[in-house]
Each structure stands twice: as C-alpha cells, then as structure tokens.
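Accompanying notes for the structure given below.
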Amino acid sequence: MTQDVAIIGIGLHPFGRHDTLTGRAQGAIALRAALKDAGIGWDRIGIAYGGSHDAGNADALCNDLGLTGLPFVNVANGCATGGSALASAVSAIRSGAAEFAVAVGFDKHPRGAFNPHPRDWGLPDWYGETGLMLTTQFFALKTRRYMHEHGITEDALVRVAQRAFRNGALNPQAWRRREMSYAEIAESMPVNLPLRQYMFCNPAEGGAAVVLCPAEVAKRYHAKPIIVKAAVVRTRHHGSFEVFSPALAAQQAPAPTVTASRAAFEQAGVAPRDIDVLQLQDTDSGSEVIHMAENGFCEHGEQERLLRDGETEIGGRLPINTDGGCLANGEPIGASGLRQVIEICTQLRQEAGARQVPGTPRLGYTHVYGAPGVSGVTILQR
Amino acid sequence: MPHPVLASPDLIRFEGDTPHLVGSRCNECGEVYFPATDSCTRCTATRMSPHDLGHRGTLWSWTIQGFLPKAPYNSGETAETFQPYGVGYVELDSGIKVESRLTVADEAKLQIGMPLELTLIPYRRTDDGEVHTFAFRPAASA
Ligand SMILES: [Zn+2]
C-alpha cells in the first residue's frame, strides 16, 4: 500500500484582471498564502512543481520566496498544468523524495481568444492561416456532434452557464459575480454556434498553490488535512476527438478524460456515486455537459434532465463547480487546475461560506481537460 | 483553365478541374490520415503511402466562426470587414472526418448528414492575386 498524501495548505490569488500585478507576483501571493495556511516556511519545502503558460518560468518564484536550493520542476501541460504539478508532487512525497512539496501555478494572458501557433503543436502553417485552429471551434464542433448523438438541446448549454454565474455571485473571490438571466445567456452573441458569448470562459489572470506532506503527519500542520486519494494525468489515444485535429479517425476512441477518470476511481477505490462535490472543466457550457458523462457522473444524454431538475446546484445531489468554475473565474491556464483543487478542499473543510454544500461532504473530485488532448483528475477526501 | 493559387498545394490533386483531397494511408494497418503524415499513430508504423481521399462527403459536425481569428489567420480582413464563415468536420468515404471551411455560414442551411462536395475558395488577397483554400459546399447532386 502506498503512503497517503495530504494537502495541508491552500492559497489563491483571486482570478480576474489585475493590471498592476505580474502573473508571477500573483503566484507568489498564492504560494505565501498556502505556506501560511500550512504553518510552515518555504525553507522546509523539499520539492516544488509549478507552471505558467504566458507569464514566465514558474521556478522564478524562488527569486520571490527564497533561493533555498530546492529542486523546482517547471510544468508545461496546457490546461492540465496544475493537475500535472499536483500529481508530480504527490508522487514525490510517496517516493520519499521530500517530506513537504508544493504545487503552484499562475498566469496572465492577453485579452481575447488564445492564438496558438501551429508549429508549436506539430501542425502545418496553413491550418492556422486559413482559420481552422481555434479552441473555440473545437469546443463548438464537439458540442454540436454530442448534442446530435445524445439528444441534448441548447437548454442544457444555457443552464450550465446560468448556474456558473449564480455560484460565482456567491463566491467573494470569483471574477464574474453577476447572476445572468436565462435570456441574457441564450440571446448573447454567437461566438461559435451552438456556443454563445456567455457560454465561454475568458482567459484571465491569477495564482493558486497547495502544500502537501505525508498524511500520517498532516494533522500536526493543519486541523483539517485533505487526503489526495488519486491524482491522475492521461493523454489522448488514437481516434479520440481532440482539439487541434485537422482530421478525426474513422473509428472513435474514448477521450483522455474517460481514461483518467477511470484510473482515478480505481486508485481511490470509490465510484462516481460516492462523490459529494465536484469540479468539471467548463471552458464552455458544452464541455461541462460532455464532461459530466465522460467522468462517469451520468449517462450520455442524461445531462439535460439533471440540469433542469437542479441536481447540479449547490444543494443538489451532484453539485458542480460550486465556485463558479472557469465560466465565472476565467482561465489563467497555469493556475486553473489548482483553483479547482482549492475549491474542493474549501468545501471539504466546510469553509465555503454562502456557497458551502450542505451536510458533511467527505469526497470531492476535480477534472481538467486541455490541448492537445490531456486530462487530469483528482479525488480528494476529508 | 489554370488552377487557382493555393495556401497549401500539397493537400490537393486535380482530376481535370475537380479538386480531390490528398492524405496518406498506413502500409501496415490501412489507417487513413489528413493531412499526409509519415507515421501511424494507430499502429506506430512509419511506412505510409499517398492516398486520394476523394471530393465528396457528408457533414458530421459544424459551427460558424463568429469573430475574426487572431494571427496566424491571415485573410487580411479587419474586425469591420470580417465575414463569419462555416467550419465543419466532413465525413469522407473511408470514414475519416476532415476539418474544413464550409461555403455556407447560415445556421438555417447547415444540417448534420447533408451531402457536400469539395471546392476551392479565395480566402485571402495579396498583390499577386487571390489565395485559395479548400472548403466544402452543398453537393450539386446528392
Ligand atoms: Zn498503421
């Protein structure tokens, strides 16, 4: 049996727009907050994993926190950067490489949609030059096909966004804190149909960090340690429907989310029905709908009813994205996955205030998906 | 009639005036790729042959690009002159779905399963004239 690992410190620099702060400064604020929460100094951290997509090398944080000589690994795994950093930190502690580890992420993106360069992704120039290489197109194309195959209508897309902004309004740290009416979302500007303006998250800024140690000593550092029951990263298989695909294979294969989720449930020894509160990647409404089923929380096509019946609300059976998710918080790529982990820790500690799920939640779940087909899942336990 | 100038000549071969998409096919397992690749992600083989993917298909999924993409998109349009364009995956005879621009950008006229055929559209103007790329349009006869 491998040794359990616990999260003993969490720290967030709220996501949004912060014109006077660099991305790294926001990462440093989050990291200091996480260390303070754990009650230990930076000099006790034995290994660190961190990432940023657009705001420089994460290990430059050592210039802020202190040059202690620790191994600091820069992680660059797109939207799964935070999940990858966390999985690596967990492995480091399990292997005995360090007693205290940190996973940290931060970012600061230019306004507007991301503009990836084809060569960075092993793709020919024409793919970008002729207007086919946009993440928003992929989300729309995958959503359209999914709606066609599984009888989902635009109603589900509107309800996901509406719940995200409703939850965001309850979260003092969220970026978008204004509730929106059904009509406001349903009639917003078409961006990539079937997806509209308020069904997409925006690139943003922010920082997030967690401090980890072996579970057996965790209570010495925090009254409510959160056990990492699973932290899994998987990449795509031949035939899965991925972002930045000039073509799709004749024979379809399951998404990396499906394989990451199954592996995580197996590692943790629990099932989707055991999860009390969850975070699913919601770069857009359609993705969240698809991810509900890809992660095993419902059957394909069942989402519309679950959303309509309020099952995914904070008081429902399957509370999703209680902090407003990417839709209400925006997406600083390097930090986004760790924000999810922090929200689940906050919920399991029962410290989420107005957005706290009722009862005594015991198990939480986080999921990210990003280009070019990588998914990270964690299962966390109080 | 001379063939139009293409952003990506390697993707197209002409049968008379009819453009066909060109990809590759794995010599070992038969998997088909677009654009042509030199290795097979299905079976990991590295021996591939050029493969004619034809010029007809059916619409498998679609969207309408509603905002001007940033660079490297290089149509030369501005936010003021930008015209939304259709994008879809088109299922070809072999079962591969090729991502392509669509000549139709009207949601009322796009439906999954509709028959399509390959065409070439000017998407960019330079001092030397128009540059074309591949696109699918509603089939003249199904
Ligand atoms: Zn092969």
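All heavy atoms count here, side chains included; hydrogens, waters and symmetry mates do not. Every chain is numbered from 1, with letters handed out A, B, ... down the list of sequences.
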Within 6.0 angstrom of B:Asn27 CG, more than 12 heavy atoms from elsewhere: yes

Residues of residues 42-55 of chain B contacting chain A, heavy-atom criterion under 4.5 Å, by residue number: B:Arg42

Side chain / backbone / both / neither for B:Glu31 at chain A, heavy atoms under 4.5 Å: side chain

Residue pair B:Tyr89 / A:Glu242: nearest heavy atoms and the distance that separates them: OH-O, 4.5 Å

Chain A contacts, top residue of B:Gly23, B:Gly66, B:Cys40, B:Ser61 (heavy-atom pairs, under 4.5 Å): B:Ser61

Contact leader toward chain B among A:Leu123, A:Leu193, A:Thr130, where contacts are heavy-atom pairs under 4.5 Å: A:Thr130

Proximal component of A:Phe241, with respect to chain B [non-hydrogen, under 4.5 Å]: side chain

Close side-chain approach of A:Trp126 to B:Asp10, heavy-atom, < 4.5 Å: no

Proximal component of A:Gln252, with respect to chain B [non-hydrogen, under 4.5 Å]: side chain

Per-residue contact mode, A:Leu134 against chain B (heavy atom under 4.5 angstrom): side chain

Proximal to chain A - members of residues 119-133 of chain B, heavy-atom separation under 4.5 Å: B:Tyr123, B:Thr133

Side chain to side chain contact (heavy atoms under 4.5 Å, CB included) assessment of A:Leu248 paired with B:Trp60: CA-CA 11 Å; A:Leu248 305 174; B:Trp60 190 79; 3.6 Å; yes

Residues from residues 148-165 of chain A approaching chain B under 4.5 Å (heavy atoms): A:His148, A:Glu149

Contact summary for A:Leu141 and B:Val87, nearest pair of heavy atoms: CD2-O, 3.7 Å

Side chain / backbone / both / neither for A:Pro246 at chain B, heavy atoms under 4.5 Å: both

Heavy-atom side-chain contact between A:Tyr127 and B:Pro35 under 4.5 Å: no

Nearest-0.5 Å distance that lies between atom CZ in A:Arg145 and atom OG1 in B:Thr63: 15.0 Å

Engaged part of B:Leu68 at the chain A interface, taking heavy atoms whose separation is under 4.5 Å: neither

Proximal component of A:Ser245, with respect to chain B [non-hydrogen, under 4.5 Å]: both

Test item: A:Pro124 and B:Ser8 side chains (from C-beta on) under 4.5 Å apart, heavy atoms: no

Point-to-point distance, once rounded to the nearest 0.5 Å, from CE of A:Met133 to NZ of B:Lys70: 13.5 Å

B:Asp38 CG: over 12 foreign heavy atoms closer than 6.0 Å: no

Neighbours of chain A found in residues 94-104 of chain B - heavy atoms under 4.5 Å: B:Ser94, B:Gly95, B:Ile96, B:Lys97, B:Val98, B:Glu99, B:Ser100, B:Arg101

Over 12 non-hydrogen atoms of neighbours within 6.0 angstrom of CZ in B:Arg13: yes

